[in-house]
Every structure is written in structure tokens, then in C-alpha cells.
Amino acid sequence: MSAGKIRKVYPGHSDEAHPEIYTLAGMPEQPKVKKPGQLPEHMVRQFFEKGYVLVEDFFTPQELEPVRQATARLVDDLAQRLYKAGKITNLQEDAGLFQRLTLIEQEFPGASVILHKQAILPPEYRALLSNERLLNVLEQVLGPHVAACPSWNVRPKIPNLSEMGIPWHQDSGYFARNSYKTLMPVAWIPLLDATPENGCMQYLEGGHRRGMVCDHLCCWKDTWHVMLDESKMGDVLGVDIERDLRTIPVKYGGFILFNNLIPHRSVPNNSNVIRWSLDLRWQRPGEPEGVNGIQQPVLLRDPDQPNLKIDWSPVDTGYRHKLAARASGWQKQTDDEFDTTLPIAAMKKWRIVHGNR
């Protein structure tokens with residue numbers, strides 16, 4: 001027996017590969033009936049070949065305005081709670097959606113984290129998740145059965161705030177260990193023009209093609225985020241940052257559709273406005289649920305149920321991050337609604353190389 005070095009394997013590690021799920025081999029037969037919103041076939045092929053596709057001019061301002069208003073309500077609700085608890089002295093009611101949380105954050109650092117932790121899915125976000133034209137796109141990548149994944153996020157990328165920075169990662173680095181067996185497309189929808197100055201997205205094109213999850217590390221800077229182990233990315237995923245890096249600005253009304261294995265990050269926000277965005281995810285019903293093992297997908301479309309009434313109860317479970325943390329065995333819990341720490345299940349999956357509060 002060789003006396004060679006024993007490799008330390010962490011719970012999130014897997015040598016399995018499923019390229020047949022994420023590449024053209026997994027592309028479903030395209031609907032024979034043309035429906036509103038559907039993408040040209042070459043764009044669907046790009047999703048499977050490159051791991052992402054930019055969809056421009058999809059939503060009208062009238063469709064997204066309610067989403068902006070719902071987001072403004074979340075900020076106002078947070079401000080009111082902080083004010084009543086004596087945490088802030090100014091509600092900043094005269095500031096708009098793209099400045100207000102920045103001002104609140106200055107008086108109560110961590111306010112943006114509290115907003116990120118909230119788990120109530122506003123009706124306007126639900127309407128976007130179940131938008132008929134958007135579901136027609138999802139049919140093109142998932143097939144006729146479509147469910148909403150309970151992992152969604154509203155992201156306030158406040159200028160020059162490290163907690164809202166996002167390092168290189170694969171979404172499955174956050175999800176349950178078997179999530180790489182489930183295609184979970186995400187629509188990244190900015191609520192303003194997303195630019196290299198205010199924090200648009202970057203991708204490592206083709207990093208999904210091997211159908212693998214690379215090892216991640218925890219935690220990035222002073223955040224709860226996991227990060228790809230860049231020393232392994234080339235060998236495991238076959239990517240090169242200089243060769244494969246793509247920076248993708250998105251005009252308001254467009255979105256990026258990408259899969260849960262492509263490496264991606266957002267660039268720093270060096271502007272003077274908050275770059276708000278939504279992450280909305282879908283999957284096929286009945287496949288391994290990849291988020292936290294508690295909340296189940298919400299069935300949105302089934303050809304055998306043409307009059308399907310959507311049951312949103314699986315996502316109405318309160319503080320999902322707290323539920324996930326408890327399910328993963330975290331002992332230190334608090335019921336303080338203003339707790340600005342965020343223990344997540346992914347911290348139990350990967351090697352911890354940097355700790356913070």
C-alpha cells in the first residue's frame with residue numbers, strides 16, 4: 001500500500017459528472033406550437049452550449065414597475081421596524097429605491113443583510129415567477145413540466161459594500177449535495193440597467209460542460225458567501241479565467257438565463273446607486289430538490305393540468321435561511337430579528353479557510 005498523502009474530502013465534494021444534463025444532450029425537444037416569449041432555437045442552444053444566454057427587451061417597464069414597488073415596500077418595512085426598535089433615527093423616506101437602503105445602512109450596518117434574510121415572497125415576485133411568457137421560455141430548457149425552485153433572492157448591491165459582493169461560485173456550491181443532478185435555470189433580472197460600473201454579472205463560459213461541481217471554500221471576506229477553489233477550477237471544470245471570462249451588461253427589461261453549474265460572480269458596484277436584482281429559479285417537478293431539503297418546489301405548469309391553481313404554501317415558511325441553518329445542524333441560533341449574521345447550510349459542505357462574525 002502506498003504511503004502517499006491522504007486527500008481530505010469534504011461533504012460537498014463529488015467526483016460525479018453529469019454533462020448530459022447541462023449540455024446539448026440535455027436540451028429537450030422544442031415545443032411545436034409557437035408561444036409568446038419563446039426564444040429562437042439558437043438562443044436555447046446557447047444556453048446549453050455556453051451555460052448562459054442574454055435575453056434582451058423581454059419585460060416592459062409596465063411589467064417590472066410593480067416589482068420595483070414591491071421591493072420599495074420591503075425597504076420601507078425594514079426601515080419602519082428598525083425605527084420603532086430605536087436602531088435608526090431617520091426613516092430616509094425622501095430617498096428613492098436606488099438610494100434609501102444605502103442611507104439606512106450607514107446608520108445601521110447590516111441592514112442590507114437583514115433585508116436579504118427576509119423570506120416573504122411578495123405577490124409581485126410570484127407574478128414574475130409564474131409569468132406566462134417567462135414560463136414559455138422555461139419550457140424550452142426544462143420541458144413541459146415546470147416548477148418554481150424555493151431558492152430566490154432579492155439582491156441590493158449597495159455601492160462599495162463588501163457584504164453584497166459575490167465571488168466566483170457555482171450555484172450548486174450552495175445547494176444540497178445532489179443538486180448537480182437537477183438542472184435549475186436561474187433568471188437574473190436587474191431592476192435598472194446593470195453595467196460594469198454598478199455591478200453586472202461575469203461568467204466563465206463553458207464551465208458547466210463537464211457537469212461537475214468544483215470544491216468551494218468558505219467564507220469570502222466578511223461575508224457568508226462560499227467561493228470556488230480557484231486552484232482546482234482549471235483541472236475540474238476546464239476553465240481559464242483569462243480565456244473564458246465574459247462580462248455581461250443587461251439593459252433594464254432584459255435578463256440573463258443561466259444554469260446552476262456555470263461559474264459566475266458580480267463585479268463591484270462603484271456607482272452611486274444600488275444595483276437591485278432578482279434571482280428566480282425553476283426546475284422540473286419530481287427531481288432532487290436542491291436547496292435546503294425543507295421547502296419543496298412549487299408546481300407552475302403541467303400539461304395534464306391545464307387549469308392548475310398554483311399552491312404557493314411551500315415558500316410561505318417564514319425565515320428560510322434560519323430553517324436551512326437549523327436543518328444543517330447549526331447550534332448557535334437567535335430569534336433576534338435584527339441579527340446581521342447569516343449561517344447557511346453550505347458552510348457545512350466546504351472547507352473553512354476564513355472566519356468572521
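A side-chain donor from one of N136 and R301 sits under 3.5 Å from a side-chain acceptor of the other. With no hydrogens or angles considered, a side-chain donor-acceptor pair links H264 and H169 at under 3.5 Å. Between the side chains of K157 and S266, at least one donor N or O lies within less than 3.5 Å of an accepting N or O. With hydrogens and angles left out, the side-chain atoms of S271 and E197 include no donor and acceptor closer than 3.5 Å.
E337 has no carboxylate O lying under 4.0 Å from a charged side-chain N of K87, or vice versa, which leaves the two without a salt bridge. Using a 4.0 Å cut-off between charged nitrogen and carboxylate oxygen, R73 and D77 do not count as a salt-bridge pair. Salt bridge status for R209 with E49: absent, with no side-chain N to carboxylate O gap under 4.0 Å. Using a cut-off of 4.0 Å between Lys/Arg side-chain N and Asp/Glu carboxylate O, D171 and R281 are scored as salt-bridged.
Under a 3.5 Å cut-off, the side chain of Q283 and the backbone N or O of V146 do not form any donor-acceptor pair. Judged by distance alone, the side chain of R100 and the main-chain N or O of L91 form a donor-acceptor pair under 3.5 Å. Under the 3.5 Å distance criterion, the side-chain polar atoms of Q46 are matched with a main-chain donor or acceptor of Y52. The backbone N or O of E41 lies less than 3.5 Å from no partner atom in the side chain of Q30, so there is not a single donor-acceptor pair. Of the possible polar contacts, none joining the E205 side chain to the R246 backbone as a donor-acceptor pair under 3.5 Å is found. Distance alone, capped at 3.5 Å, is enough to place a donor-acceptor pair between the D240 side chain and the E242 backbone. Panel note: side chain Q38, backbone V137; no donor-acceptor pair is recorded below 3.5 Å. Remark: side-chain polar atoms of D244 are not paired, donor with acceptor, to backbone N or O of I241 under 3.5 angstrom. With hydrogens and angles disregarded, no donor-acceptor distance shorter than 3.5 Å links the side chain of R68 to the backbone of L97. The backbone N or O of S172 lies less than 3.5 Å from no partner atom in the side chain of N260, so there is not a single donor-acceptor pair.
Here the CD1 atom belonging to I158 is positioned 5.0 Å from the CD1 atom belonging to I274, to the nearest 0.5 angstrom. The structure places OG of S14 at 7.5 Å from NZ of K181, a figure rounded to the nearest 0.5 Å. Atom CG of D279 sits about 7.5 Å away from atom OG of S151, to the nearest 0.5 Å. Within the model, atoms CG of L278 and CG of L64 stand 9.0 Å from one another, a figure rounded to the nearest 0.5 Å. Put simply, CG on L74 and CD on E124 are 9.0 Å apart, with the number rounded to the nearest 0.5 Å. Remark: Q80 CD to D76 CG distance equals 5.0 Å, nearest 0.5 Å.
The cluster map of Ile, Leu, Val, Met, Phe, Trp and Tyr, joined by side-chain heavy atoms under 4.5 Å apart, puts L237 and F47 in different clusters. A single hydrophobic cluster is seen to contain both F58 and L300, as judged by linkage of ILVMFWY side chains at heavy-atom distances under 4.5 Å, directly or through other members. L78 and L191 fall within the same hydrophobic cluster, defined by Ile, Leu, Val, Met, Phe, Trp and Tyr side-chain heavy atoms under 4.5 Å apart, directly or through other members.
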Exercise. Output, in order, the C-alpha distance, side-chain angles, deciding distance and verdict of side-chain hydrogen bond (donor to acceptor under 3.5 Å, both in side chains) for Y125 and T71.
Key: CA-CA 9 Å; Y125 293 7; T71 306; 2.7 Å; yes
Practice problem: Would you please test V53 and I256 for side chain to side chain contact (heavy atoms under 4.5 Å, CB included) and show each step? | Solution: CA-CA 6 Å; V53 62; I256 306 174; over 6 Å; no
Self-check item: Criterion side chain to side chain contact (heavy atoms under 4.5 Å, CB included) on D339 and K117, from CA distance to verdict
Solution: CA-CA 10 Å; D339 177 21; K117 289 170 70 171; 3.9 Å; yes
Exercise. Please report the C-alpha distance between Q99 and V273 in whole Å, then the side-chain angles of each, then the deciding distance to 0.1 Å, and finally whether the side chain to side chain contact (heavy atoms under 4.5 Å, CB included) criterion is met.
Key: CA-CA 6 Å; Q99 290 83 29; V273 297; 3.5 Å; yes
Quiz prompt | Residues E139, K35; criterion salt bridge (charged side-chain N to carboxylate O under 4.0 Å, His left out); working and verdict | solution = CA-CA 10 Å; E139 276 193 2; K35 299 178 182 179; 3.0 Å; yes
Self-check item: Worked verdict on W282 versus L135 for side chain to side chain contact (heavy atoms under 4.5 Å, CB included)
Solution: CA-CA 9 Å; W282 298 263; L135 290 182; 4.0 Å; yes
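Cluster partners of L308 are L299, counting Ile, Leu, Val, Met, Phe, Trp and Tyr whose side-chain heavy atoms approach within less than 4.5 Å, directly or via other members.
Ring pair F255/F59 is tilted by interplanar angle, where 30° to 60° counts as tilted. The aromatic rings of H216 and W350 sit tilted relative to each other, their planes meeting at an angle between 30° and 60°.
For NZ of K84, the number of neighbouring non-hydrogen atoms (other residues, nucleotides, ligands) closer than 6.0 Å is 12 at most. The number of heavy atoms from other shown groups lying within 6.0 Å of OH (Y83) does not exceed 12.
Closest non-hydrogen pair, L142 versus L183, comes out as CD2-O, 3.8 Å. Considering every non-hydrogen atom in both R275 and N269, the closest pair reads N-ND2, 3.7 Å. Contact between L82 and A111 at its shortest, heavy atoms only, is CD1-CB, 4.2 Å. When all heavy atoms of E105 and G110 are compared, the pair lying nearest together is OE2-N, 2.7 Å. In this structure, P185 and L138 approach most closely via the heavy-atom pair CG-CD1, 3.5 Å. Of all the heavy atoms in L228 and Q170, the pair that sits closest is CD2-OE1, 3.6 Å.
Sorted by first then second residue, the salt bridge (Lys or Arg N to Asp or Glu O under 4.0 Å) pairs that include residues 21-33, not counting sequence neighbours, are E29-K32.
Shown here are the side-chain contact (heavy atoms from CB on, under 4.5 Å) partners of K251, two or more places apart in sequence or in another chain: D193.
No side-chain heavy atom of F48 sits less than 4.5 Å from a side-chain heavy atom of Y22.
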